[in-house]
Each structure stands twice: as C-alpha cells, then as structure tokens.
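Bear in mind the structure is a predicted one, so any value in this text is a computation, not a measurement.
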Amino acid sequence: MNSVTVYRQTPGRATVTHLPDNRVVATVDNVGVPLDSQGVPYSGTYPSLGAGEPLAGKIRSFSMGHGLFSLIRTAGR
C-alpha cells in the first residue's frame, strides 16, 4: 500500500487530502484548526487543547509518510 498526502492552498484556504492506494479516504479543510473547534464530526477520543491556528498562507508544503521505511546509507557519502 502506498500512501500519499496532498497539500493544496488557495487564498485563505488550506486543504489536505490523504490518498492511500490512490483512493481518497480523507480530506481536511481549514488545516491547522482542530476538527472539534470547527464543530465538525470527528472520531477522536479527546478534545483539542486549544483553538489552533489556520495555516493557509503560512506554510508552502506538507509531507507525510506512513508505513515501513528503510534508509540506506552509501559508504563514502
């Protein structure tokens, strides 16, 4: 299973889409603001500890890895 997370930004809006096996399983709008603070249903157990901060216009990219990773170091580099 491959896992891809795509971060998109338009003026005043930031969205993250999670696509394992190239199939959309989750999309989050208003990145940086906890779902419970937005009044959006979520599956979390505990409430957020603060209001969060909208990240639109504050970050340029977002990368996420999920699964088993191996790092190989080549001698002499």
Problem set entry | Heavy-atom pair of closest approach, residues Ala51 and Pro34 | O-CD, 3.3 Å

For this session: Would you check if the side chain of Asp36 reaches a backbone N or O of Ser48 as a donor-acceptor pair within less than 3.5 Å?
Result: yes

Problem set entry | Closest heavy-atom pair and its distance - Ser37, Gly50 | OG-O, 3.4 Å

Exercise. Is there side-chain contact between Thr15 and Thr27, with at least one heavy-atom pair below 4.5 Å?
Worked result: yes

Problem set entry | Heavy-atom side-chain proximity of Asn30 to Arg13 below 4.5 angstrom | no

Problem set entry | Nearest heavy atoms of Gln9 and Lys58, plus distance in Å | OE1-N, 4.0 Å

Problem set entry | Beyond-backbone contact of Val33 with Glu53, side-chain heavy atoms, under 4.5 angstrom | no

For this session: Can you see which heavy atom on Thr17 is nearest to which on Arg8, and at what distance?
Result: OG1-NH1, 3.6 Å

Exercise. Do the side chains of Val31 and Leu35 join up, straight or via other hydrophobic residues, at under 4.5 Å, putting them in one cluster?
Worked result: no

